[in-house]
Amino acid sequence: MFRSILTVLFLAATPAAALADSAGFSFAGDSYAAGDRPSITTAVSHDAFMAGNTLSLSAPVSGSAHLAGVTVNADAPVTGNLYAGGLTVEVSGPVAGSLSVLGNTMDVKPSATIGGNARLAGGTVTLGAPVTGSALVSARSLTLSAPIGGDLNFYGGELEFGPGAKVGGTISIHAPKAIAVPASVAPPERVQFAQLNNPDIAAQTGSGATGLVGGFGAALATNLIWWLFLFVVGAALLMLAPAAYETGRQVAGRHFWRSLGVGVLAFAAMLGLVPAAAFTIVGIILIPFILVLAVLACVLGYITGTFFLAQRIAAGLMPAEGNWPRLGVLALGLIAAGLLSLIPVLGWLISFLLTLFGIGIVVTVLFGRAGGVTGIVPVSAQPGTRPAQSWQV
């Protein structure tokens with residue numbers, strides 16, 4: 001597999017592949033296609049990977065298919081699982097495995113029989129294909145006109161049933177208002193309803209998922225584990241990178257707004273890499289790595305931003321010199337930031353700003369150590385002294 005990735009990266013780096021509107025490549029049974037209007041018209045003996053503007057999968061896939069674009073059309077049979085994401089997604093080919101789709105408008109045609117489970121999240125969803133397993137749907141509106149062998153779990157606003165709708169298991173509906181389920185779809189004793197008081201369907205879906213894995217106790221344990229993970233990572237950075245800490249303290253203390261601005265630019269650049277990479281063959285391979293890098297950068301940014309802001313506040317009360325006081329500041333800062341994140345509406349914005357601030361510090365330190373940053377005094381230039389801190393641009 002590693003040799004396959006290296007070969008794809010090497011060939012994708014050629015000018016012809018990078019500049020082509022649509023290009024394709026096959027290796028070790030896998031097929032790759034990317035560009036403005038990529039398509040796969042030859043049978044795939046293993047997995048298929050596609051990314052671009054308008055995608056068309058019109059040849060059978062013996063393995064799994066991974067599709068990401070603005071408009072996605074999957075017309076061919078897939079022996080494994082089908083993963084698709086786009087503004088508009090249409091699936092008309094049979095899927096022997098499970099179907100996972102994320103999009104605004106999606107239409108699963110009757111010919112797209114689903115051998116496993118169906119997981120659909122979008123705005124307007126039409127499920128017209130029979131599902132052998134269960135279906136989990138989060139949508140503003142869902143139209144079901146096919147049988148489901150297992151359970152149906154729906155989070156959304158509107159749910160309509162067509163003439164062919166039938167659910168063999170339990171129907172769990174989470175919606176702002178009660179939705180009538182015809183007896184031909186499922187008897188009343190197999191229908192459950194829970195009212196959604198918050199119109200944010202995504203948030204309610206997350207709350208429901210948390211309840212499924214154990215309720216309040218599990219949620220509390222998850223938060224504690226997450227806090228411990230952030231603390232351990234932050235503590236390791238403080239212990240292993242003292243020089244970077246000193247430079248970061250100067251950046252945070254003297255260039256707050258500049259750090260925030262750099263963080264915004266860096267975050268925007270990371271997001272821009274995803275659609276930019278999707279138009280080259282190399283992007284199909286690199287997109288998962290880009291997403292992982294973005295997640296790691298956000299985690300590091302959150303820890304960094306929280307710590308240096310907490311240290312700046314604590315500096316007015318008592319100096320945090322030495323490793324143990326700094327670890328205490330880190331712990332208290334993470335707790336305070338976690339509590340602030342619980343504030344309705346503003347909580348996510350506070351966490352986001354802390355992350356951007358921290359990303360800006362990390363980027364400034366990394367590039368500053370390589371090429372020098374105006375306004376930052378090297379630690380070695382003033383031995384035994386602590387740089388003055390002030391909130392300046």
Side-chain angles (χ1 to χ4, degrees), residues 64-68 72 74 78 80-110 112-162 164-182 185-186 190-215 218-219 222:
S64 297
H66 308 77
L67 316 176
V72 178
V78 177
N81 300 323
L82 173 60
Y83 305 92
L87 188 63
T88 302
V89 180
E90 181 178 297
V91 180
S92 56
V95 180
S98 296
L99 174 67
S100 302
V101 181
L102 173 65
N104 181 48
T105 303
M106 64 184 69
D107 186 3
V108 185
K109 302 290 187 181
T113 55
I114 311 302
N117 297 325
R119 313 174 190 96
L120 312 174
T124 302
V125 177
T126 301
L127 179 55
V131 180
T132 303
S134 299
L136 173 62
V137 182
S138 175
R140 183 179 64 254
S141 64
L142 166 65
T143 301
L144 176 64
S145 56
I148 297 176
D151 300 331
L152 170 62
N153 202 338
F154 173 72
Y155 291 82
E158 301 176 359
L159 174 57
E160 298 181 356
F161 300 95
K166 187 176 181 63
V167 178
T170 301
I171 298 180
S172 299
I173 300 175
H174 307 259
K177 299 180 180 179
I179 297 176
V181 178
V185 177
R190 288 198 281 111
V191 178
Q192 302 173 357
F193 174 77
Q195 186 176 13
L196 290 181
N197 296 320
N198 189 340
D200 186 352
I201 304 301
Q204 292 292 345
T205 302
S207 299
T210 303
L212 290 177
V213 296
T222 301

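Bear in mind that the values here come from a model prediction, so they are computed numbers and not experimental data. The chain is numbered in sequence order, starting from 1.
- Considering only residues two or more places apart in sequence or on other chains, Ser100 meets the side-chain hydrogen bond (donor to acceptor under 3.5 Å, both in side chains) condition with Arg119.
- The shortest heavy-atom contact between Ala186 and Val167 is CB-O, 4.1 Å.
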Side chain to side chain contact (heavy atoms under 4.5 Å, CB included) evaluation trace for Val108 with Val101: CA-CA 10 Å; Val108 185; Val101 181; 5.5 Å; no
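- At distances below 3.5 Å, at least one donor-acceptor pair connects side-chain atoms of Ser134 with backbone N or O atoms of Asp151.
- Note that CG of Leu142 and CD1 of Ile173 are 9.5 Å apart. Values are rounded to the nearest 0.5 Å.
- Judged as a side chain to side chain contact (heavy atoms under 4.5 Å, CB included), and not counting sequence neighbours, the contacts of Leu102 are Ala121.
- Sorted by first and then second residue, the pairs that involve residues 80-97 and meet side-chain hydrogen bond (donor to acceptor under 3.5 Å, both in side chains), not counting sequence neighbours, are Asp75-Ser92, Asn81-Tyr83.
- If you run side-chain contact (heavy atoms from CB on, under 4.5 Å) between Phe154 and each of Ile171, Leu144, Leu159, only Leu159 comes through.
- Here the straight-line distance linking atom NZ of Lys177 with atom CD of Gln195 works out to 10.0 Å at 0.5 Å rounding.
- Of all heavy-atom pairs between Ala84 and Val72, the closest is CB-CG1, 4.3 Å.
- With sequence neighbours excluded, no residue satisfies salt bridge (charged side-chain N to carboxylate O under 4.0 Å, His left out) with Lys166.
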Under 3.5 Å, which donor-acceptor pairs link side chains of residues 122-133 to any protein atom two or more places apart or in another chain?
from	atom 1	to	atom 2	distance (Å)
Thr124	OG1	Arg140	NH2	3.0
Thr132	OG1	Ile114	O	3.1

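- For Asp107, the side-chain hydrogen bond (donor to acceptor under 3.5 Å, both in side chains) partners at least two apart in sequence or on another chain are Lys109.
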Quick one: do Asn153 and His174 satisfy side chain to side chain contact (heavy atoms under 4.5 Å, CB included)? Show the steps, please. CA-CA 8 Å; Asn153 202 338; His174 307 259; 3.4 Å; yes
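- Annotation: the span from Ser172 atom OG to Phe193 atom CZ amounts to 11.5 Å, rounded to 0.5 Å.
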